[in-house]
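Atoms within each ligand, like the ligands themselves, are counted from 1 in listed order.
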Amino acid sequence: MNSPVASDLSDSTHAVTFVAKCKLPTEWGEFTMHGFEEVATGREHVALTMGEVDDGLPVLARLHSECLTGDALFSRRCDCGPQLAAALEAISREGRGALLYLRQEGRGIGLINKIRAYQLQDGGADTVEANEQLGFPADMRDFRIARDMLAELGIARVRLLTNNPRKIATLREIGIEVVERVRLVVGKNVHNERYLATKAAKLGHLFGDE
Ligand SMILES: Nc1nc2c(ncn2[C@@H]2O[C@H](COP(=O)(O)OP(=O)(O)OP(=O)(O)O)[C@@H](O)[C@H]2O)c(=O)[nH]1
Ligand SMILES: [Zn+2]
């Protein structure tokens, strides 16, 4: 692997290998889609890139966690669909960038458990309480799985599209220089107001301008 990133290669827990790439024409222009496989679990992840991302300059980047309901089924319970679209649009506006689409459905608890969590939320629990009532931590995602993907893409410095400080901390931990956080506040509606407020209050998400 052509890696500009100093990483601990003895750690195989989060190892992800590159498999194949292809063109992906979209509403926002043509991306290249890179397919990856997580060695330990067989989980499949993809990265969409546009332009030259391996030239050492900071890359506009997004780590997007899978949300079938928001990304594909038009749900208004969360802000994922509009965030995905806005990130691809921002990358296409610059003509350069990368979006890692990580298969971490339901903050890592999976789709069916997310439906269970939504059922508890329909009964009054907030997004964190629902996870806890099901016996899960508030957020099970481990963003270290981005390490090999970014290394394969030749990305060592990013301007990260996120409101989640934990993503920034983990990228720094795995040797990626986060030169800037680019806020991504879109998709607020009456159905996700409480969800967004809980993320800010309990999960540390930043929705202000700082
Ligand atoms: N368990 C659970 N997962 C949810 C819920 N709503 C959305 N998700 C998942 O949360 C993930 C998206 O995380 P968010 O907390 O919305 O945002 P983030 O990725 O941490 O931060 P940003 O970079 O700012 O978007 C996706 O995997 C969704 O499937 C919920 O109520 N319960
Ligand atoms: Zn969502």
Side-chain angles (χ1 to χ4, degrees), residues 38 41 43-48 59-91 97-146 149-150 158-172 176 178 180-189 191-210:
E38 205 176 322
T41 61
R43 264 194 303 181
E44 298 166 326
H45 306 281
V46 298
L48 301 189
V59 174
L60 184 64
R62 163 116 184 113
L63 305 186
H64 190 88
S65 301
E66 177 177 19
C67 176
L68 182 84
T69 46
D71 297 339
L73 300 177
F74 315 101
S75 167
R76 307 197 80 194
R77 292 190 77 128
C78 61
D79 53 350
C80 303
Q83 283 188 317
L84 179 59
L88 293 175
E89 192 187 347
I91 289 168
L99 180 136
L100 273 51
Y101 192 89
L102 305 171
R103 308 297 296 283
Q104 305 172 312
E105 176 59 70
R107 295 200 196 103
I109 68 176
L111 178 61
I112 297 299
N113 283 323
K114 187 172 81 170
I115 296 171
R116 290 194 174 103
Y118 276 165
Q119 186 174 327
L120 291 168
Q121 290 171 51
D122 289 343
D126 70 29
T127 181
V128 168
E129 290 160 353
N131 260 38
E132 286 165 353
Q133 285 174 31
L134 292 169
F136 295 113
D139 191 343
M140 286 187 68
R141 290 173 294 174
D142 189 337
F143 297 110
R144 284 176 292 178
I145 57 167
M149 297 172 73
L150 291 170
V158 295
R159 290 163 48 230
L160 194 68
L161 282 155
T162 189
N163 309 312
N164 183 348
R166 203 162 69 75
K167 290 183 180 174
I168 298 170
T170 304
L171 286 184
R172 289 189 171 142
I176 300 294
V178 182
E180 183 190 349
R181 177 180 82 87
V182 182
R183 65 201 291 271
L184 189 58
V185 181
V186 285
K188 196 169 175 180
N189 66 65
H191 307 282
N192 65 22
E193 255 171 16
R194 182 173 181 224
Y195 168 76
L196 296 175
T198 304
K199 288 209 297 189
K202 294 191 172 178
L203 295 170
H205 287 240
L206 309 163
F207 292 119
D209 278 321
E210 292 158 82

Donor-acceptor contact below 3.5 Å, side chain [X] vs main chain [Y]:
X: Arg43; Y: Arg103; answer: yes
X: Arg76; Y: Asn192; answer: no
X: Lys167; Y: Thr162; answer: no

Counting each atom of ligand 1 from 1 as listed, which ones have a heavy atom of [X] under 4.0 Å away?
X: Asp79; answer: 16 (O)
X: Asn131; answer: 1 (N), 2 (C)
X: Tyr118; answer: 6 (N), 30 (C), 31 (O)
X: Asn163; answer: 22 (P), 23 (O), 24 (O)

Below 4.5 Å, heavy atoms only, C-beta onward: do Thr198 and Gln121 meet side chain to side chain? no
Side-chain contact, heavy-atom cut-off 4.5 Å: Leu48 with Ile91?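 No, every pair of side-chain atoms sits at 4.5 Å or beyond.
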[X] touching ligand 1 at heavy-atom level, < 4.0 angstrom:
X: Leu63; answer: no
X: Tyr195; answer: yes
X: Leu184; answer: no
X: Arg62; answer: yes
X: His64; answer: no

What I want to know is whether Glu105 and ligand 1 share at least one N or O pair that is separated by under 3.5 angstrom.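 Yes - when backbone and side-chain N and O of Glu105 are compared with those of ligand 1, one distance drops under 3.5 Å.
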Would one find an N or O of Cys78, backbone or side chain, under 3.5 Å from an N or O of ligand 1?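 Among all N and O atoms of Cys78, none is under 3.5 Å from an N or O of ligand 1.
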[atom]: which of [options] has the nearest heavy atom?
atom: atom 20 (O) of ligand 1; options: Arg141, Arg107, Arg77; value: Arg141
atom: atom 3 (N) of ligand 1; options: Pro137, Gly106, Ser75, Ser65; value: Gly106
atom: atom 21 (O) of ligand 1; options: Met140, His205, Arg183; value: His205

Kindly check if the number of other-residue, nucleotide or ligand heavy atoms within 6.0 Å of NZ (Lys202) is above 12? yes
Ignoring water, what protein N, O or S atoms are under 2.8 Å from the Zn ion (ligand 2)? Cys67 SG, Cys78 SG, Cys80 SG
Counting only pairs under 3.5 Å, give me each side-chain donor-acceptor contact of residues 78-89, with atom names and distances, residues two or more places apart or in other chains.
{"residue": "Asp79", "atom": "OD1", "partner": "Lys199", "partner atom": "NZ", "Å": "3.4"}
{"residue": "Gln83", "atom": "OE1", "partner": "Arg62", "partner atom": "NH2", "Å": "3.3"}
{"residue": "Gln83", "atom": "NE2", "partner": "Leu184", "partner atom": "O", "Å": "3.2"}

Determine, step by step, whether Arg77 and Thr69 satisfy the side chain to side chain donor-acceptor pair (under 3.5 Å) criterion, reporting the C-alpha distance in whole Å, the side-chain angles of both residues, the deciding distance to 0.1 Å, and the verdict. CA-CA 8 Å; Arg77 292 190 77 128; Thr69 46; over 6 Å; no
